[in-house]
Amino acid sequence: MEPFLQQLTDLIQTEPTLAKWIVVPSLAVGHNIAERLVSEGIAWGNLRFTTVLDLAVRVAGPELARAGKTLLDPAVGPALTLELLLDLPTTLPAYFRAIAEQPGVAEALWSTVSELRLAGVGVGVLHPERFASAAKAKELAALLQAYELYLGEHSLADAANCLRTASAANSKFPITADGLLLEMPGSCNSSVERAFLDSLPACRIPAHVAAVAGLPLPAGLARLNGKVQPVEPMDASSDATRLAWIARPAEAPPPVQDGSLSLFRAAGREAEVEEVLRRIQAGSLPLGSVEVICAQPAEYASLFWEKAVRHGLAVTIDRGIPGTLTRPVRAAFGLCDWIENNFPAVRLARMLEAGILEPGSGAELTGSAAARILRQCGATLGRNSYATTLAAFAASCEARTADLEIDEDIRISFGQRAARARQLGEWLTSVFDKVPAPSGGTVMLGNLLDALDAVLNEAASVGGPEDAAAKMAVSAALQCLDPLRELRRPLGFHLALIRPQLESVVVAAGRPSPEALHVSSLGSPSFAGRPQTFVIGLEEGAVFPAGLEDPVLLDDERRAIAPELLAVSQDRTSDSVYRGIAHLASLRGNVTLSYSCRDLRQGRECYPSWLFFQAHQLLQPGTALTHSALVDWLGDPVTLVSPAPVATLSDAGWWLSGLRGAGTTAMPLVSRAFPGIARGISAEVQRQTAEFTEYDGLVPAAGHDLDPRRADQVVSASRLESFASCPFRFFLERGLGLDPIKDEEPDPDTWLDPPTRGTVLHDIYSVFLRRLRAEKRRPKAGDWGTLYEIARQELDRRRDEVPPPSEAVYTAENEQFERDLHLFLELEIARKDVVPVAIEVPFGFEEAETEEPLSQAEAVRIDIGSGEIRLRGRIDRIDRLADGSFEVVDYKTGGRWDQFDGTFSGGRLLQHALYAAAARELLRSAQKNPRVRLSSYYFCTERGWGDWVSKPGDLDVKPVLQDIAEAITSGAFIRGRDEAGCRFCDYRRACAESDVEQAETKRAALIAIERLAAHE
Ligand code: SF4
């Protein structure tokens, strides 16, 4: 038994009737000790476990109540400190205020203010000459003063107030002079706490601690803590108890080689955790007999929790796991980001897909369905973009439900999609109603807190007890900021206050339980008394603090202000080393130490801590103190793959272990057990052959379905061009109906993406030209005002739907629009001899455009020799030329590419020819034998330099269309050869580079595809 517990046991027996006050670092440690005593069969009546502060609250309670004071919740400390800092007079020099919104500043300042208060350091000693910067001294002194004033004005007592009041109290009830007081080392951490403990009337007893060779209590700990008595003689009965000599292995008695102390190294942290679990399984150890002490709890505790969940093991973790591993905390962080970045749809979709937010409980609208709708509806960012785009999406889905040419089950699915889109819209409206919109650039903190709390309460997913606990903890963490709810600041400022509150959420913290493996932290003994202990994570540079100086008060400043009262970085390191070594020295039973020799995330080698070297020296006295001697003795590191199948923890582990060294001979067995892997290998092998196979895009059945000559098919020019550009993409898009996932973050430097920009310009051109057509005239320079007004209305409307990321971006894009429209007007004025007879004229969309006489509901039929195709489209313009012939005009609002130089560019450039044919057909309704002389691409923006690319209007496109139809019908959907196309292709995740290269070797066999490429 540990000396401190033995001391308690003795006290219980020698002083059964006296009240024995045991001061412990936390109430959890007190509970652990009490349970341990019970489990050892010791009745512990009259032991009263308490912390210093708890005791002070009990002593000072009556006095504080008389004075009408309540306790300050320390969770509000960082936010309060920041608020007080920003409210300091502007005449004071700004030191921390200059970086106030940086992450961590509020917490660091709060920590310093608390430390100064608990050390008993007042404003009076913060002289500028004691600081590296006079500005810092003045600001810090003012902050401390403001804090003390705030406490007074609001009748609040912080820990220091409470301890001082308790020290000064005449009655120290419940502590009485006839009671005993025993302080566990590490329970007192400040001068004010020390003064309170010293003021208590009880009889003090020195605490018994395990003696550790060559390791005296550090000066800081010795000063603050009560008397301790190292217990001699030191126990050398087993190799594990000889850890008491770990600081001086050369002085240790010879090892007894009883196997109670062992060491191993692992290739990665996960492998280290897996090996601990394998050893527990191999030794048939009850989980309740094992404690795992983490030298790096932040890294390992979560890993243990994840493994335990995966393998269904019972585990308790003293510090719990970070809330960031739970859905509600991730949702809370996600919402903060979403709000701060002006509600980008892609981020909301990611949250919904990740299953951390559920829009509407019990509804048909799952998170993934909502995410799909968001990605399809075209919402971008900004509050206003959702309602419009979702309503339009729902309306278009509803329209499809009435289309009797679509299969019934597909129509039903469109109906469901429409209902979900409307439901999502309603949910988002309720969310936006809650989230405060900035007024004058600021919002009230309380409104933002209420919004986050309400949205998380309604929509944060809960998948287990940890999520449920996290949901409540998030709500409580937000409530901690309630005292500041009237604060009005910009959104970003408030979110910077909220995020640390969310980071502080910890869940699943648990004390040792008889049925569960217990995970604890090095330096904080749990007193679980387990016979099997693993100490993991003993890596060089990661076990003890790096000795960095405090970011607010530097070591020299601390020495100058109050050398006796303020700890410097060296003190913190010494304390940590002492606590860690004393913890190791207290271990009994079987102990295993380990470290990870690879950091797999950073791909670097890691080395053992000096503690590990010293443990090796304890087991192998006299061996060289070198890394090579140590690793030679340790042997190969353990890996995630178990050395023997029998020792594995899961099916996957069993397979991996069994396959070790088997090579390809194991493939028949693997294939039989995992048909999916077998199919994948077969696909890969066939792709590597010269033959064009189903794994390269050979799908004859789809060829028939996608034949553009079918009577039920209405095709567009871009659809045919897209086949010629990449048959494989055509198949993914048209054959399989795959929608690429749009997951790009909105570009902070762009308002409208190129397609939207193009649509906006098309709309402006058409309104402008129709107005002139009604006036039967061509444009003149004085029309700039009209054009500008049309543009203004259109851009304002767009701005309501899609808010720009910033005013600067909006202004820049507006200026570009103005330049482009000026150029357009100039070009149109120069083109004075033409008459636009059709503007934005649609055909083949089942409904004609009433404003355009040439528009027709029916598709235009085009004979291609081996049948006919039904074409639909929208011609930007048909101009009557001076000689009475016509020119088809297609606006291009981007740059000019090489493919515009060819006649058909291998089938990738067809629109001019197809629209010329369509225009001839449309014009026949108004004129006999119309002659379409030209079909042109009009690069009418600055990006296209006002260029024109004109083609004859009577080109014979039949052979190209025949080859396209034949290639589609053959079902040969091979990957395209246009590398530039791949770079910008939305489906590029479906195509490995090697697949695209391999397609080149197979193309020669596909005659129609090769013929198509020849149509230059
Ligand atoms: S990545 Fe290239 S080969 Fe693949 S679908 Fe896109 S364009 Fe075709």
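None of these values were measured; they are calculated from a predicted model. Numbering of ligands and ligand atoms starts at 1, following listing order.
A salt bridge links R375 with E353: at least one charged nitrogen is closer than 4.0 Å to a carboxylate oxygen. Checked for salt-bridge contact, E966 and R1011 meet the test: a charged N lies under 4.0 Å from a carboxylate O. Using a cut-off of 4.0 Å between Lys/Arg side-chain N and Asp/Glu carboxylate O, R943 and D820 are scored as not salt-bridged. Taking a cutoff of 4.0 Å between a charged side-chain nitrogen and a carboxylate oxygen, K892 and D890 qualify as a salt bridge. By the 4.0 Å N-to-carboxylate-O rule, R729 lies too far from D986 to be salt-bridged with it.
Within ligand 1, the atoms closer than 4.0 Å to a non-hydrogen atom of C726 are 3 (S), 5 (S), 7 (S), 8 (Fe), numbered from 1 in the order shown. Of all atoms in ligand 1, numbered sequentially from 1 with element shown, those under 4.0 Å from a heavy atom of R988 are 1 (S). Every atom of ligand 1 with a heavy atom of R729 under 4.0 Å away is listed here by number and element: 5 (S), 7 (S). Atoms of ligand 1 lying under 4.0 Å from at least one heavy atom of R975, given by number and element, are 3 (S).
Nearest to atom 4 (Fe) of ligand 1 by heavy atom, out of C991, C982, G697, C985, is C991.
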